[in-house]
Amino acid sequence: MSTSSLNLSGQSPTRVFLPGKGEVALTQTDYLATGGEGVVYAKGGYVYKLYLDPAGARGRGIEDKLKLLQRIQHPHIVAPTDVLHNAQHEVVGFYMPQASGVPLVKTFTNAWRDPNNFGIRESLALVENMRLAVEAAHQVGAVLVDANEMNYLADGTAPRLLDVDSWQIGAFKASAIMPSIRDLHSGTDFTPLTDWFSWAVVSFQVLAGIHPYKGVHPDFKRGDLQARMLANASVFDPRVSVNAGVRDYATSLPGALLDWYRDVFQHGLRSAPPGVHAARVVATFPSSKRATRTPTNQTTHQTVIHDVLVHLDGDVVEVLSCGVALWRERGGADSLHAYDLQRKQKLPSLTPPQLEALHHGLAALMRCAGGLFYASLSNTGNPQTRANSP
C-alpha cells in the first residue's frame with residue numbers, strides 16, 4: 001500500500017487541490033476517521049476523502065467512476081462534488097458536501113423517537129424521501145448495493161444517503177454488502193431490485209422497529225437470520241412473536257405499502273415499492289368452481305400493487321400464496337396454465353393434472369431458494385414431493 005503522496009502523520013497539514021478552486025490544507029483538527037480505503041476530514045462545510053492507496057485507486061479508474069457519480073443531483077444524496085489532486089496533479093481523493101443528521105438506526109428505537117417526537121407521520125415522510133432518493137439513483141444507472149442503515153443519516157424527515165463512492169455504476173461493479181440486507185434469492189448480481197429489497201429491510205425498521213426476519217419463530221433457532229430470509233419466514237408469519245417495543249405496523253401503515261412489505265418478506269415478491277400515499281389497488285378475478293370456497297355468483301378479491309401487474313392472455317382462476325397465478329385461456333375450456341408472478345415467467349414443467357391438483361387444494365407450491373417445491377398426495381394418501389425449478 002503506497003501513501004507516499006499523502007501526509008497521514010497529522011504532524012503537518014495535508015495539502016490537496018480542488019480543481020478550479022485552489023488549495024486546501026487539512027490538519028489533525030479536521031480529521032474525522034480512517035476507514036478501509038481512506039482518511040476522512042471535514043472542513044468548511046465539506047468532507048474530504050483521501051485514499052490510502054491513491055495509485056491503486058487511479059489504476060481502478062476511480063476518476064472515471066467519480067465523474068459518473070457526479071451526475072447524481074438529488075438533495076438527499078451526498079454525491080461526490082469533484083476529485084482532489086496532489087501537487088503533481090494526480091487524483092488522490094474526492095470531496096463532497098458535509099451532511100447533517102443522526103444515524104438512521106436511531107429512528108428504529110423508541111428510546112430516541114419518543115423524546116424527539118418522531119412518530120408514524122414523521123417515519124412515513126422519511127421513508128418516502130428515502131424511496132425517492134433510491135429511485136433517483138436508479139434513474140442515472142446507479143445501484144446502491146450496500147444501502148444498510150449505517151449508510152443513511154436522518155435530518156428530521158430528510159434522509160442523507162452516504163458512501164456513494166462505493167455504489168455500482170457503469171462498468172464499476174460492487175460486491176460488498178451487509179448480510180442483513182442482502183437478497184439471498186437473487187444470486188450474485190446486484191440490480192435495482194436487490195436495492196429495493198435492501199430498502200424494504202431498512203425502511204421497515206424505521207416504521208416497525210424490528211428487522212423483518214427477527215422475532216421468535218417456532219421453526220428456527222434464535223438469531224438464524226439467514227435461514228429465515230431464505231425461507232421467507234418473516235414477522236408476517238402469525239406464528240412469530242415479537243417484543244413489546246415493536247410498533248404496530250399492521251394497523252399504522254398505509255394499505256398498499258403494508259401489502260408490498262408482506263409480499264416481499266413473506267412471499268418473495270421483488271419489485272419497486274409503492275409510494276407512501278399510493279392507493280391500494282383491488283383487482284377482481286373470476287371465482288373458483290369449488291363449492292367449499294366462494295359461491296359461483298360472487299367474486300374473490302386479490303390485493304395487488306399497480307406496478308407489478310402482468311398481462312395474461314386469458315382469465316385468472318386463482319393466485320396461490322407463493323405468488324403463482326393459475327389461469328385459463330378465454331373460454332375456460334382449455335387446461336390450466338401457471339405463471340410465476342415473481343420471476344415473470346411461465347411454468348411449463350407443471351403438467352395439467354398437477355395444475356388441477358393445485359387448483360382443487362390437493363397439492364401445494366412452496367417457494368424456496370432453489371425455485372418452487374411441488375407437494376401432492378398420492379392415491380394411497382401418502383404425501384409425494386418433488387422439486388420443481390422451472
Side-chain angles (χ1 to χ4, degrees), residues 120-121 123-132 134-135 138 181 183 185-186 192-215 217 228-229 231-240 242 246-288 293-294 298-312 316-327 339-344 364-367 372:
I120 185 61
R121 179 179 298 180
S123 298
L124 287 170
L126 174 60
V127 162
E128 176 66 2
N129 286 328
M130 290 166 59
R131 184 188 71 83
L132 293 173
V134 174
E135 185 177 72
H138 291 168
I181 63 164
D183 180 6
H185 297 282
S186 69
L193 289 181
T194 61
D195 270 359
W196 286 127
F197 176 81
S198 299
W199 179 91
V201 171
V202 173
S203 63
F204 187 78
Q205 291 177 90
V206 172
L207 297 167
I210 188 173
H211 189 286
Y213 294 99
K214 288 192 176 179
H217 193 296
R228 292 270 300 275
M229 294 170 80
N232 292 326
S234 76
V235 293
F236 287 96
D237 187 324
R239 296 176 296 166
V240 173
V242 299
V246 175
R247 296 179 285 279
D248 186 10
Y249 53 88
T251 60
S252 63
L253 300 190
L257 184 61
L258 180 65
D259 291 342
W260 183 80
Y261 281 131
R262 180 185 293 108
D263 288 341
V264 168
F265 299 139
Q266 195 67 19
H267 303 304
L269 173 73
R270 296 294 180 265
S271 76
V276 163
H277 304 294
R280 177 179 268 168
V281 180
V282 178
T284 302
F285 297 131
S287 65
S288 166
R293 296 194 178 181
T294 308
Q298 296 182 14
T299 57
T300 58
H301 292 79
Q302 172 87 16
T303 301
V304 296
I305 304 303
H306 68 281
D307 63 346
V308 297
L309 292 178
V310 296
H311 174 72
L312 299 176
V316 174
V317 174
E318 184 178 5
V319 178
L320 304 176
S321 62
C322 63
V324 171
L326 302 180
W327 61 283
Y339 188 90
D340 189 336
L341 295 170
Q342 175 182 330
R343 295 188 175 185
K344 304 292 191 299
L365 274 180
M366 293 166 286
R367 195 173 295 279
L372 291 165

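All values derive from a computational prediction rather than experimental measurement.
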From [X] [atom1] over to [Y] [atom2], what is the distance, rounded to the nearest 0.5 angstrom?
| X | Y | atom1 | atom2 | value |
| --- | --- | --- | --- | --- |
| Leu193 | His138 | CG | NE2 | 8.5 Å |
| Leu253 | Ile120 | CG | CD1 | 5.5 Å |
| Ser252 | Arg121 | OG | CZ | 13.0 Å |

For the side chain of [X] and the backbone of [Y], is there at least one donor-acceptor N/O pair under 3.5 Å apart?
| X | Y | value |
| --- | --- | --- |
| Arg239 | His217 | no |
| His185 | Met229 | yes |
| Arg228 | Gly215 | yes |

For a side-chain contact (heavy atoms from CB on, under 4.5 Å) check, start with the C-alpha distance between Val235 and Val246, then their side-chain angles and the critical distance, and finish with the verdict.
CA-CA 11 Å; Val235 293; Val246 175; over 6 Å; no

Could you check whether Tyr261 and Ser234, counting side-chain N and O atoms only, form a donor-acceptor pair closer than 3.5 Å?
no

Of all heavy-atom pairs between [X] and [Y], which one has the smallest distance, and what is that distance?
| X | Y | value |
| --- | --- | --- |
| Ala278 | Ala256 | O-CB, 3.6 Å |
| Val276 | Leu124 | CG2-O, 3.6 Å |
| Leu207 | Ser123 | CD2-CB, 3.6 Å |
| Leu326 | Leu320 | CD1-CD2, 4.2 Å |
| Ala250 | Leu258 | O-CD2, 3.5 Å |
| Ala233 | Gln266 | C-OE1, 4.1 Å |

Those residues that, when tested against Arg262, pass salt bridge (Lys or Arg N to Asp or Glu O under 4.0 Å) (two or more places apart):
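Partners of Arg262 by the salt bridge (Lys or Arg N to Asp or Glu O under 4.0 Å) criterion, ordered by chain and then number, come out as Asp259.
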
Trace of the side-chain contact (heavy atoms from CB on, under 4.5 Å) decision for Val127 with Arg131:
CA-CA 6 Å; Val127 162; Arg131 184 188 71 83; 5.7 Å; no

Mind checking whether Asn232 and His267 have side chains closer than 4.5 Å, heavy atoms only?
no

Report yes if the side chains of Phe204 and Ile210 come closer than 4.5 Å at any heavy-atom pair, otherwise no.
yes

Among Phe197, Trp199, Trp196, Phe265, which residue meets the ring-ring contact (aromatic ring centres under 6.0 Å, His included) test with Trp260?
Trp199

